[in-house]
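Only one structure is covered here, and it is reproduced in the block below.
In this text the structure is predicted, and so the values were computed from the model without any measurement. Heavy atoms only: backbone and side chains are in, while hydrogens, waters and symmetry mates are out.
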Amino acid sequence: MGCRKFWYVAMFFCSSGYAQVDEVVPFSSSNLPIVVINTGGQTIPDEPKIIVDMGIIDNGAARNNVSDPFNNFSGKIGIEIRGSSSQMFPKKQYGFETVDEQGEGVAVSLLGMPEEEDWILFAPYNDKTLMRDALAYGLARQLGGYAPRTKYCEVVLNGVYQGVYVLIEKIKRDKNRVNINKLDPDEVSGNNLTGGYIFKIDKFTGGSGEGWHSGYAPTHGTSQTIYFQYETPDPEDMVPVQAAYIESYVKSFEDNLASSNFDHPVDGYEKYIDVNSFIDYFIMQELTKNVDGYRLSTFMYKKRDSDGGKIFMGPVWDFNLGFGNANYCTTGTPTGFVTEFNKLCPADTWLIPFWWKRLFQDPAFGARVGSRWAELRATTLQKSEINGYIDSVYTLLNAEAQQRNFIAWKVQGKYIWPNYYVGAGFIEEVNWMKQWVSERLDWLDQNLPVLITDVETESVDGVVTASPNPFTSEVNFTYSLPRPGVVNLRIFDAMGRVVDTSAVEQSVPGEYTYTWHARTPQGMFYYQVRQGGSILGSGKLIKR
């Protein structure tokens, strides 16, 4: 690494590849691992990757000095600038591949993470807490599925201190990442053909853009369509029969979801998807109020039939605009559902698939969401648990690293697109986010049951009244039935769990009253009166 001996004394800069920080920061040691990159005079492009030298210093609990040997990694990498809208920021983020002397990929363990060859150096810039992505991935892992592992570090590029970065695992097929079977080009039939695939909804930046259009328009959309991109296998390695298979499978799922029989317990949508992964994905997007949720950086994968053969949502990705950090469309308030994005911004280029609205039209799905939310709020998603993680990262970064970062990049107290809140400094940004999380949890506790029980659906000319309300022991539901058939009543508790059901056969249209005798404790409840796939009415009940 030719410039290294000059870097930390005279701050000698290589002739090219120099990153234009706002202020050059003298840098000699850190409590974080140090990543040192030397391009040998090359400028790092958007693509293709260039081969450069990289070293990592990680002395564990001991202090890391830039003069120390590269003891965690020392070798060649292929590196390029990555990101989409983030490329407009001066602090660049990078994708890189660890390679051998011949430039071939080689799997290595970096900073204690499992061996792989593809990595991300994420550069927090408009996120002035420096922790939104790491926080979201950490929470997602605690939900039980895979989410990218992260490690904080400080980066030096061609002798210039670059600030605080997050080393992140790139989403890809691997036994320690997305654990699905490798699909080779010659696997074109039988069980082998059925998996594993990774596909996504995203901007074309950083991908080939090859894929297919959904046959179903997004809810509230204008002229947009949903476009799925191939991720794994790489499009250049995927043969036509494999591309046709995953497109056909997703189409079968969407056809089923759009059908009148979509909520059938055996032949409905659950035949195609892992519902639990969809529920956890929904919870992560809504907890963080991620403005990009469901419509960008949205990954999915499919396992082989021998492993269940279903579509899984995730892994989650890209939360720098979450936790109240976006001032457009869903905005940075701690209120509102991200699933309403299409209604708020119907002209946006990237909208949310109809999937989520439709899933909530199945009361069983909503009940499972409510049950999962109640479980997580009692464990992983307690305010004390989330605040504990935020405080631990604050302590790690506040000791010194964040100070250097914000000298190099003078963003504190300034609006950086698309900030909703602009704090005076690091502690103000972190404290504001902690308060936002607290208010967001409170809002979801109160409003998630409404989403679960009061969804948009096919309407009929039915009107339902419930009286008395509040009530002590029974409620009279009066409704106007436009056609004969079975009428279903479902009662949900405050978390959206079904607590009682009944079905009444009505042979002719007309006005009817059904008396529900409550066997529930006091509290708040929701009711839903349905006939087939249509909701006649819904609302809130209070038992005293």
ask   = Counting heavy atoms not belonging to Lys170, are there more than 12 under 6.0 Å from its NZ?
value = no

Non-neighbouring partners of [X] that pass side chain to side chain contact (heavy atoms under 4.5 Å, CB included), sequence neighbours left out:
X      : result
Ile50  : Gln42, Ile44, Pro45, Val52, Ile79
Asp22  : Trp409, Lys410
Thr194 : Asn191, Tyr245, Lys302, Arg304, Asp305
Glu428 : Tyr421, Ala424

Nearest 0.5 Å, please: how far is [atom2] in [Y] from [atom1] in [X]?
X      : Y      : atom1 : atom2 : value
Gln229 : Phe299 : CD    : CZ    : 9.0 Å
Met131 : Glu429 : CE    : CD    : 10.5 Å
Lys92  : Arg82  : NZ    : CZ    : 13.0 Å
Ile56  : Asn64  : CD1   : CG    : 11.0 Å
Thr335 : Gln446 : OG1   : CD    : 13.0 Å
Lys289 : Leu287 : NZ    : CG    : 12.5 Å

query = Can you list the residues that meet the ring pair (Phe, Tyr, Trp, His ring centres under 6.0 Å) rule with Phe312, with sequence neighbours excluded?
reply = Tyr301

query = Where does the angle between the aromatic ring planes of Trp212 and Tyr230 fall among parallel (under 30°), tilted (30 to 60°) and perpendicular (over 60°)?
reply = tilted

request  = Fit a plane to each ring of Tyr227 and Phe204, take the angle between them on a 0 to 90° scale, and name the class: parallel (under 30°), tilted (30 to 60°) or perpendicular (over 60°).
outcome  = perpendicular

ask   = Does the side chain of Ser29 pick up a donor-acceptor pair with the side chain of Arg63 at under 3.5 Å?
value = yes

Sequence-distant partners of [X], side chain to side chain donor-acceptor pair (under 3.5 Å), two or more places apart:
X      : answer
Asn126 : Asn320
Asp442 : Lys383
Asn71  : Asn59
Ser277 : Asp274

task = Please check if the side chain of Tyr249 supplies one atom and the backbone of Gly309 the other of a donor-acceptor pair under 3.5 Å.
result = yes

Cation-pi geometry met for Arg149 and Trp119 (6.0 Å, 45°) = no

request  = Report yes or no: is the cationic atom of Arg295 (NZ for Lys, CZ for Arg) closer than 6.0 Å to the six-membered ring centre of Phe341, at no more than 45° off its axis?
outcome  = yes

task = Determine, using ring centers only, whether Phe337 and Trp443 are less than 6.0 Å apart.
result = yes

Between [X] and [Y], what is the shortest heavy-atom contact and its length?
X      : Y      : answer
Ala140 : Val316 : CB-CG2, 3.6 Å
Cys153 : Val35  : SG-CG2, 3.8 Å
Ile273 : Lys310 : O-CD, 3.3 Å

Can you give me every donor-acceptor pair (side chain of residues 278-286, partner residue at least two apart or in another chain, under 3.5 Å) with its distance?
residue, atom, partner, partner atom, Å
Asp280, OD1, Arg372, NE, 2.7
Asp280, OD1, Arg372, NH2, 3.4
Asp280, OD2, Arg372, NH2, 3.0
Tyr281, OH, Thr298, OG1, 3.3
Gln285, OE1, Asn290, ND2, 3.1
Glu286, OE1, Val338, N, 2.9
Glu286, OE1, Arg440, NH2, 3.3
Glu286, OE2, Tyr294, OH, 2.7
Glu286, OE2, Val338, N, 3.2
Glu286, OE2, Thr339, N, 3.2

task = Tell me, with the steps shown, if Asn419 and Tyr415 meet side chain to side chain donor-acceptor pair (under 3.5 Å).
result = CA-CA 6 Å; Asn419 292 158; Tyr415 170 81; over 6 Å; no

message = Between Lys151 and Asp58 (salt bridge meaning N to carboxylate O under 4.0 Å), is one present in this structure?
response = no

key: pair Glu210-Met238: side-chain heavy atoms closer than 4.5 Å   = no

key: side-chain hydrogen bond (donor to acceptor under 3.5 Å, both in side chains) contacts touching residues 136-145 (sequence neighbours left out)   = Asp133-Tyr137

ask   = Which residue pairs pass the side-chain hydrogen bond (donor to acceptor under 3.5 Å, both in side chains) test with at least one member in residues 99-116, sequence neighbours excluded?
value = Glu116-Lys172

